[in-house]
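Below is one structure, written out as structure tokens; the observations come after it.
Worth knowing before you read on, the calculation uses all heavy atoms, side chains too, and leaves out hydrogens, waters and symmetry mates. Everything quoted here is computed from the prediction, not taken from an experiment.
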Amino acid sequence: MVIIMKIYNTLSKKKEEFEPHEPGKVSMYVCGPTVYNLIHIGNARPMIIFDTVRRYMEYKGWQVNFVSNFTDVDDKIIKKAQEEGVEPSVISERYIEECKKDMSALNVKPATVHPKATEEIGGMLDMIRTLLEKGHAYVAGDGTVYFKTRSFREYGKLSHKNLDDLQGGNRSLLVSGEDQKEDPLDFVLWKPKKDGEPYWESPWCEGRPGWHIECSVMSKKYLGDEIDIHAGGEDLIFPHHENEIAQSEAANEKTFARYWMHNGFLNIDHKKMSKSTGNFFTVRDIGEKYDLQVLRFFMLSAHYRSPLNFSEELMEAAKNGYERIVTSVSNLNYLLEKAGGDMLRAEEEKCVEEAKGFVTKFEKAMEDDFNTADAVSAIFELVKLANTNVSEESSAALIKALKENILMLSDICGLLVEKEDEMLDDEIERLIEERQEARKAKNFARADEIRNMLSERGILLEDTREGVKWKRA
């Protein structure tokens, strides 16, 4: 099957037709979190976005080798370990496990491989040796190894920054590093240890790697010298991804990544997320108020390259939208229990054909640079079709067809919209029965009182033509 999919490539600044390096297979690397604390909702956006990209590619039949790292050695990890009086590995292992819990709650699939920086030091030493041998790096007096930025002539091709402009005094764009540089633009590949820090042996000094080298090495090990897609937040374009390109292409003498995908920033109430101002939420914070599927739905409600504003009002809108799909599936399940007829009736065939049209609309949206906003709209159109065309008289065949389409497209988006039946405890069951009896006896005051009691306990009732339905708030 020929798939024509277009992806906006940060490298070329335009949409390009996606063709994997190896037919039928996709190699994809996504920069993961630095594990010194619980992940925040800014971390969650690329996790959700690129998980959805992976899911769609798998839906279309591609085999996706998806690698996402954990940075488990870093100044912030070391600082937190010192504050708690423990080894840095205690901090990183703790928050790797917490990150995995949050990813599971967001229905983000585990990567094919989740490499850790501390387990790939040997590969980093090998790449640094190669860069030194090829004249792209040098060793300073204290054992710090620097990448010689000007030795890579294409430096700046991803961020579209000019080396002379960077040199010319725009210090906010300068690459961070240590002293003793030959050029202010050079960046660290290996740095000497400091007291109380973890370190590894190297030919140059006891120390640890710079941040940028880890992704170049892990991508090479698990995906090869040349990969299809490298992805992450747009804040990583410069200097992190720019430096990855320089290191990898200087060492391997091959194109590092053919397509670069970057998601837009996430703001809180139109302001930059910041702990110091209290304008900051972890995924756990949001999980205390909302089903995290609502957060995933919210993240998919805008195009991934667009900036996204997070607010309580928008989360409530996302909650309503998500519950609209959940409720539709629940209603279909309810009607399916009563329905008969495994064959479509003549008048139902048109409805099924219309549903196929919405599936096609969904696919076109996803294949146009993963426009999840339009893809979700196609799911809503399926929901509307089901809500207006299915009744107790409908055949089981129609109900199944519509339900399967809604579930299929929701699953591609990673949205869990079919909830397992929950059992009410005996007291709540008794209260619902009592309310029904009160309504029959026209004792509406008691019926309202029971509804309010149940509401306080997180049980919402809905009186429908099929009877009383309930859901948890």
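- Among residues two or more places apart in sequence or in another chain, the ring-ring contact (aromatic ring centres under 6.0 Å, His included) test is passed with Phe50 by none.
- Taking 4.0 Å as the cut-off between side-chain N and carboxylate O, Arg54 and Glu58 count as a salt-bridged pair.
- Of the candidates Asn405, Ile406, Leu407, Leu407 is the only one forming a side-chain contact (heavy atoms from CB on, under 4.5 Å) with Lys403.
- More than 12 heavy-atom neighbours from other residues, nucleotides or ligands sit within 6.0 angstrom of CD on Glu316.
- Aromatic pair Phe281/Phe310: centroids less than 6.0 angstrom apart.
- Remark: Asp235 pairs with no residue by the salt bridge (charged side-chain N to carboxylate O under 4.0 Å, His left out) rule, at least two apart or across chains.
- By the side chain to side chain contact (heavy atoms under 4.5 Å, CB included) test, Thr372 pairs with Thr52, Leu300, Met366, sequence neighbours left out.
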Distance-only donor-acceptor hits, side chain of residues 19-26, under 3.5 Å, sequence neighbours excluded:
none

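- Under the salt bridge (charged side-chain N to carboxylate O under 4.0 Å, His left out) criterion, Glu354 pairs with no residue at all, not counting sequence neighbours.
- For residues 121-137, the side chain to side chain donor-acceptor pair (under 3.5 Å) pairs, not counting sequence neighbours, are Asp126-Arg129, Lys134-Glu253, His136-Ser151.
- Within 6.0 Å of NZ in Lys109 there are more than 12 heavy atoms belonging to other residues, nucleotides or ligands.
- Taking the ring-ring contact (aromatic ring centres under 6.0 Å, His included) definition, one finds that Tyr222 meets it with nothing, sequence neighbours left out.
- Of the possible donor and acceptor atoms, one in the side chain of Arg296 sits under 3.5 Å from a partner among the backbone N and O of Cys413.
- Shown here are the salt bridge (charged side-chain N to carboxylate O under 4.0 Å, His left out) partners of Asp228, two or more places apart in sequence or in another chain: Arg258.
- A salt bridge links Arg55 with Asp411: the closest approach of a Lys/Arg side-chain nitrogen to an acidic carboxylate oxygen falls below 4.0 angstrom.
- Within 6.0 Å of CD in Gln63 there are 12 or fewer heavy atoms belonging to other residues, nucleotides or ligands.
- Cation-pi geometry between Lys161 and Phe238 is met: the NZ or CZ atom falls under 6.0 Å from the ring centre, inside 45° of the normal.
- Listed by first and then second residue, the ring pair (Phe, Tyr, Trp, His ring centres under 6.0 Å) pairs that reach into residues 83-108 come to none, sequence neighbours excluded.
- Ion pairing between Glu226 and Lys254 fails under the 4.0 Å rule for side-chain N and carboxylate O.
- In this structure, the side chain to side chain contact (heavy atoms under 4.5 Å, CB included) partners of Arg305, at least two apart in sequence or on a different chain, are Tyr8, Lys15, His303, Asp369.
- The aromatic rings of Trp260 and His241 sit tilted relative to each other, their planes meeting at an angle between 30° and 60°.
- With sequence neighbours excluded, the residues that form a side chain to side chain contact (heavy atoms under 4.5 Å, CB included) with Glu234 are Ile237, His262, Phe265.
- Applying the side chain to side chain contact (heavy atoms under 4.5 Å, CB included) test to Val326 and every residue at least two apart in sequence or in another chain returns Tyr322, Val417, Lys419.
- For Lys157 and Glu249, the salt-bridge test passes: some basic side-chain N is under 4.0 Å from an acidic carboxylate O.
- Annotation for Glu83: atom CD counts as buried by contact number, over 12 foreign heavy atoms lying within 6.0 Å.
- Note on ring orientation: taking the six-membered ring where Trp is involved, the planes of Tyr29 and His230 are tilted (angle from 30° to 60°).
- No donor-acceptor distance shorter than 3.5 angstrom exists from the side chain of Glu16 to the backbone of Asn9, with no hydrogens or angles considered.
- Lys80 has no carboxylate O lying under 4.0 Å from a charged side-chain N of Asp74, or vice versa, which leaves the two without a salt bridge.
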